[in-house]
2 protein chains.
Amino acid sequence: MARRSDHAPEELKRLALEAGRAIVMEEGLRGLTVRRVAERIGYAPGTLYNLFANLDDLIVQLNAATLDALAVVLVEAARAELAARPERLVEAYFDFVESRPRLWSLLFEHRLPEGEDLPDWYRPKLAALLGLVAEALGPLMPDQTREARQAATVTMWAGLHGISTLAVTSKLTLVAETEPRALGHLLVRRMLGGEN
Amino acid sequence: MARRSDHAPEELKRLALEAGRAIVMEEGLRGLTVRRVAERIGYAPGTLYNLFANLDDLIVQLNAATLDALAVVLVEAARAELAARPERLVEAYFDFVESRPRLWSLLFEHRLPEGEDLPDWYRPKLAALLGLVAEALGPLMPDQTREARQAATVTMWAGLHGISTLAVTSKLTLVAETEPRALGHLLVRRMLGGEN
DNA sequence: TAGAGAATTGAACACCGTTCAATTAATGCG
DNA sequence: CGCATTAATTGAACGGTGTTCAATTCTCTA
């Protein structure tokens, strides 16, 4: 078990992900290259292939960390009293997106090569995130079946994603004078059966 | 005005876009390269730079054509009698996405470099598409202000986009057993103030 | 037919992801 | 303590990428 310096493999991986994160935050996906990550941590490009299968793998792990961070802020928002939860969750979601737009963009901008799909450990992460929201908002849809509540939650989730994506890529300001955040609130209110 | 063969500049541009379209339909954004497009139309790579500013420009024009095609099918769906329009529009949208998933994906997968924004002629195209939907569904929201109707329309638009994106990248099957299409109907029903 | 001028080429440049034989350095052992 | 083992690390190499631009080819006009 020899190593160049005092970086254990796990530590090195953490460093590489942190470097990748910094690059994405500064320049987005287009600036993220194997060589740049390697340079930033003071290693040769080849070394990264001991830690990750390839660049796609690194990106997927970067995205997993972003999902974890999102989960943290959503859990916090879900602590609010029942009536306030929808608004708090929407606020937390948009705060997150606006505070790290490029990192959040990476979540959806990056696509695995044709035919490859996300690793098995990714699925539970996503499911947990959705489950968290579903559980927080479930009591607000009492007269619905479990399936209906799940469908409503997923629709809200996808809807917020859609609004944010269009906003971040400025394809929304092209057609809407309303703030994305307000659209998010509107969406959730209506999906929960609100009257206005 | 000398040319290698019988292709006028406009014709050549059309050919290049058609070649790009074919590549994207077969392999998605990852397969679309300047060299491949050039090879497909029997020209040298350099020639494409007489037709387009760069690859991004070619992709934007490809996307514009996709938007036009989407407009055509939505216009057709909007012809339905008022009560049937929401369902017809959702069906038309998903039919479009499912019939050309990779072409539709390109619409949102591609991002211009940091700081560059979409050309001026792109904005009206998007606005027209949204306007079309807003006009078709406006009568179903009679007790709303113009701004509220616009906001609801944009939210539906973004929501359908979100649902489709997650579905195409199979990040939806990970968490939802419901068909994306059904989620789209649910979204539109609720946004229009439907009770179920 | 000669010249002008536009379209087209393709080599060159600087990058990219990825591989892998060679090198380096730390460890366990005698 | 010194040496052999073994693992981490390197960096050159390969085939690709977008893009540029001097040189070439071709067509039209005079």
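Letters A, B, ... are given to chains in the order of the sequence lines, protein chains preceding strands, and every chain is numbered from 1. Side chains are part of it too, since the values below use all heavy atoms of this structure and drop only hydrogens, waters and symmetry mates.
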*In whole angstrom, give the distance that lies between atom CG of B:N50 and atom C1' of D:dT19.*
12 Å
_Using the side chain to side chain contact (heavy atoms under 4.5 Å, CB included) criterion, which residues pair with A:A128? Sequence neighbours excluded._
none
_Short side-chain N/O contact to D:dT9 OP1/OP2 from A:T47, under 4.0 Å_ = no
_Pairs counted only when both distances fall under 3.5 Å, Watson-Crick or G-U: show me the 5' to 3' dot-bracket for DNA chain D, [ ] for pseudoknotted crossings and | for other-strand partners._
||||||||||||||||||||||||||||||
*asked:* If I take atom NZ in residue A:K13 and atom P in nucleotide D:dT9, what distance separates them, rounded to the nearest angstrom?
replied: 14 Å
*asked:* Run the ring-ring contact (aromatic ring centres under 6.0 Å, His included) test against B:F96 and tell me which residues pass, sequence neighbours left out.
replied: none
*Report the distance from atom CG of B:L51 to atom P of C:dA6, rounded to the nearest whole Å.*
17 Å
*Can you tell me how far P of D:dT17 sits from CG of B:L58, to the nearest Å?*
15 Å
Identify all pairs in which a protein N or O lies below 3.5 Å from an N or O of nucleotides 13-18 of chain C, and state each distance.
{"residue": "C:dC16", "atom": "OP1", "partner": "A:T33", "partner atom": "OG1", "Å": "3.3"}
{"residue": "C:dG17", "atom": "OP1", "partner": "A:V34", "partner atom": "N", "Å": "3.1"}
{"residue": "C:dG17", "atom": "OP2", "partner": "A:V34", "partner atom": "N", "Å": "3.1"}
{"residue": "C:dG17", "atom": "N7", "partner": "A:R35", "partner atom": "NH1", "Å": "2.4"}
{"residue": "C:dG17", "atom": "O6", "partner": "A:R35", "partner atom": "NH2", "Å": "2.9"}
{"residue": "C:dT18", "atom": "OP2", "partner": "A:Y49", "partner atom": "OH", "Å": "2.7"}
{"residue": "C:dT18", "atom": "OP2", "partner": "A:L55", "partner atom": "N", "Å": "2.9"}
{"residue": "C:dT18", "atom": "O5'", "partner": "A:Y49", "partner atom": "OH", "Å": "3.2"}

*Rounding to a whole Å, what distance do you find between B:L112:CG and D:dG18:C1'?*
15 Å
*Expressed in angstrom and rounded to an integer, what is the separation of A:R30 atom CZ from D:dT17 atom P?*
16 Å
*Take the protein atom CG of B:L48 and the nucleotide atom C1' of D:dT17, then report the distance between them rounded to whole Å.*
14 Å
Can you give the donor-acceptor pairs under 3.5 Å from side chains of residues 78-86 of chain B to other protein atoms, not counting sequence neighbours?
{"residue": "B:R85", "atom": "NE", "partner": "B:A78", "partner atom": "O", "Å": "3.1"}
{"residue": "B:R85", "atom": "NE", "partner": "B:A80", "partner atom": "O", "Å": "2.8"}
{"residue": "B:R85", "atom": "NH1", "partner": "B:A136", "partner atom": "O", "Å": "2.9"}

*Does B:D56 pair with A:R30 as a salt bridge, N-O distance under 4.0 Å?*
yes
*asked:* Going by the rule side chain to side chain donor-acceptor pair (under 3.5 Å), which residues pair with B:E147 if we only count those two or more places apart in sequence or in a different chain?
replied: none
*Is the closest basic N to carboxylate O distance between A:E98 and A:R181 below 4.0 Å?*
yes
*For residues 66-77 of chain B, which residue pairs qualify under side chain to side chain donor-acceptor pair (under 3.5 Å), counting only residues two or more places apart or in two chains?*
B:D68-B:K125
*Taking atom P of D:dG18 as reference, at what distance in whole Å does atom CD1 of B:I23 sit?*
10 Å
_Tell me every residue that passes side chain to side chain donor-acceptor pair (under 3.5 Å) with B:R149, counting only those two or more places apart in sequence or in another chain._
none
_B:F52: which residues meet the ring-ring contact (aromatic ring centres under 6.0 Å, His included) condition with it, sequence neighbours left out?_
none
